[in-house]
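Only one structure is covered here, and it is reproduced in the block below.
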Amino acid sequence: MDDDIALDPQFAERFKREARPPCQLYLISPDRYDPGFPEQLKAALGAGPVAAFQLRLKGVEDVEILRAGAALKPILAAYDVAFILNDRADLAKELGADGVHLGQSDGSVAEARSLLGHDAQIGVTCHDSRHFAMEGTEAGADYVAFGAFYPTATKETTHRPDPSILSWWTTISEIPCVAIGGITPENAAPLVAAGADFLAVCGAVWAHPQGPAAGVKAFQGILEQTS
Ligand SMILES: Cc1ncc(COP(=O)(O)OP(=O)(O)O)c(N)n1
Ligand SMILES: Cc1ncsc1CCOP(=O)(O)O
Ligand SMILES: [Mg+2]
């Protein structure tokens with residue numbers, strides 16, 4: 001006779017977490033480019049492992065995005081960090097970036113894919129929507145981003161998902177999920193436990209009182225718990 005084996009929920013959570021690669025840091029740039037930023041970026045990247053960096057400049061001319069991207073690209077390459085451009089697949093192509101992050105109004109995944117090719121990393125904003133996540137990956141996205149999980153001064157946000165959306169996603173898909181919005185080393189644990197593959201962080205690193213290197217280091221403890 002086959003007995004049903006009831007999995008201890010804590011074991012199930014741990015097993016699920018261990019079946020995925022460790023959670024990693026995904027840095028989001030400040031929304032204005034300061035000439036001192038390349039040095040800050042080097043300090044941040046030298047302080048601990050960072051998987052990806054998103055250049056997210058808002059309300060600036062294309063030429064400024066291109067200038068900033070061209071200055072940062074060799075730094076990111078030297079640290080082996082993926083270079084993702086926010087919003088603009090066309091400029092990502094011009095810069096030779098590794099990928100693009102698309103919000104729900106930033107153009108289609110299919111168009112970005114045909115422009116950038118199959119090796120490009122294309123991410124989509126899903127807010128708190130399971131539907132957006134499934135739609136995005138069906139269209140060929142390489143990761144889905146949920147948030148904002150916590151209040152943030154970096155962007156006006158209207159969606160506040162529960163961390164369980166990450167658990168749900170990791171149960172149904174192997175495609176990586178990103179958690180974003182107001183994440184700090186102090187509040188990240190439930191997101192990591194729920195299965196976030198990446199923590200996307202802006203303010204907690206660039207506005208850290210001891211500087212960006214300290215900001216990156218401060219996340220190491222929580223990330224190491226999954227490695
Ligand atoms: C990793 C990641 N997740 C979400 C966003 C937000 O994208 P979007 O909704 O398009 O808003 P803006 O960032 O463009 O203001 C993101 N950029 N990165
Ligand atoms: C771009 C973005 N999208 C949702 S929240 C957010 C801001 C992330 O920055 P921070 O880590 O400072 O909250
Ligand atoms: Mg956008």
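Note that the structure is a prediction, hence the values are computed from the model and not measured.
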Could you list the donor-acceptor pairs under 3.5 angstrom formed between side-chain atoms of residues 89-99 and any protein atom two or more places apart in sequence or on another chain?
| from | atom 1 | to | atom 2 | distance (Å) |
| --- | --- | --- | --- | --- |
| D90 | OD1 | R88 | NE | 2.9 |
| D90 | OD2 | R88 | NH2 | 3.0 |
| K93 | NZ | L115 | O | 3.3 |
| D98 | OD2 | F83 | N | 2.8 |

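For H208, the ring pair (Phe, Tyr, Trp, His ring centres under 6.0 Å) criterion is met by no residue, not counting sequence neighbours.
The distance from atom CD of Q220 to atom CG of L223, rounded to the nearest 0.5 Å, is 5.5 Å. Atom CD1 of I65 and atom CG of D87 lie 7.5 Å apart (nearest 0.5 Å). The line from CD1 of I175 to OG1 of T137 is 4.5 Å long, rounded to the nearest 0.5 Å. For the atom pair CG (L25) and CD1 (I222), the distance works out to 11.5 Å, reported to the nearest 0.5 Å. Atom CG of residue D34 and atom OG of residue S29 lie 11.5 Å apart, to the nearest 0.5 angstrom. Of the inter-residue distances, the one linking E135 atom CD with C126 atom SG reads 9.0 Å to the nearest 0.5 angstrom.
Under the 4.5 Å side-chain contact rule for hydrophobic residues, F132 and F146 do not share a cluster.
With a 4.5 Å cut-off on side-chain heavy atoms, Y79 and L41 do not count as touching. Between Y150 and T157 the shortest side-chain heavy-atom distance does not fall below 4.5 Å. Considering only heavy atoms from C-beta on, W169 comes within 4.5 Å of M134 through its side chain.
In plain terms, the two heavy atoms of T152 and A148 that are nearest each other are CG2-CB, 4.4 Å. Between V124 and A141, the shortest heavy-atom contact is CG2-CB, 3.9 Å. Residues C177 and L166 come closest through the heavy atom pair SG-CD2, 3.9 Å. What you find for N187 and T184 is that their closest heavy atoms are OD1-N, 2.8 Å. Nearest approach of S129 to I165, heavy atoms of both residues: N-CD1, 4.0 Å. Nearest heavy-atom pair, D142 versus A120, reported as atom, atom and distance to 0.1 Å: OD2-O, 3.0 Å.
A salt bridge is absent between R67 and E64: the closest approach of a Lys/Arg side-chain nitrogen to an acidic carboxylate oxygen does not fall below 4.0 angstrom. We find that R20 and D197 are joined by a salt bridge, their nearest charged nitrogen and carboxylate oxygen being less than 4.0 Å apart.
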Just do the side chain to side chain contact (heavy atoms under 4.5 Å, CB included) check on Q104 and H127 with the steps written out, would you? CA-CA 9 Å; Q104 290 297 317; H127 305 301; 4.2 Å; yes
Worked verdict on V201 versus W206 for side chain to side chain contact (heavy atoms under 4.5 Å, CB included): CA-CA 9 Å; V201 174; W206 307 115; over 6 Å; no
Apply side chain to side chain contact (heavy atoms under 4.5 Å, CB included) to residues C202 and L27 and explain how you reach the verdict. CA-CA 6 Å; C202 179; L27 293 186; over 6 Å; no
Worked verdict on Y33 versus V60 for side chain to side chain contact (heavy atoms under 4.5 Å, CB included): CA-CA 9 Å; Y33 190 73; V60 305; over 6 Å; no
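The side-chain tip of R130 points at the ring of W168 from less than 6.0 angstrom away and within 45° of straight on.
If you chain together ILVMFWY residues whose side-chain heavy atoms come under 4.5 Å of each other, I84 ends up grouped with Y26, I28, Y143, V178, I180, F198.
R32 places no side-chain N or O within donor-acceptor distance of the main-chain N or O of L57, the cut-off being under 3.5 Å.
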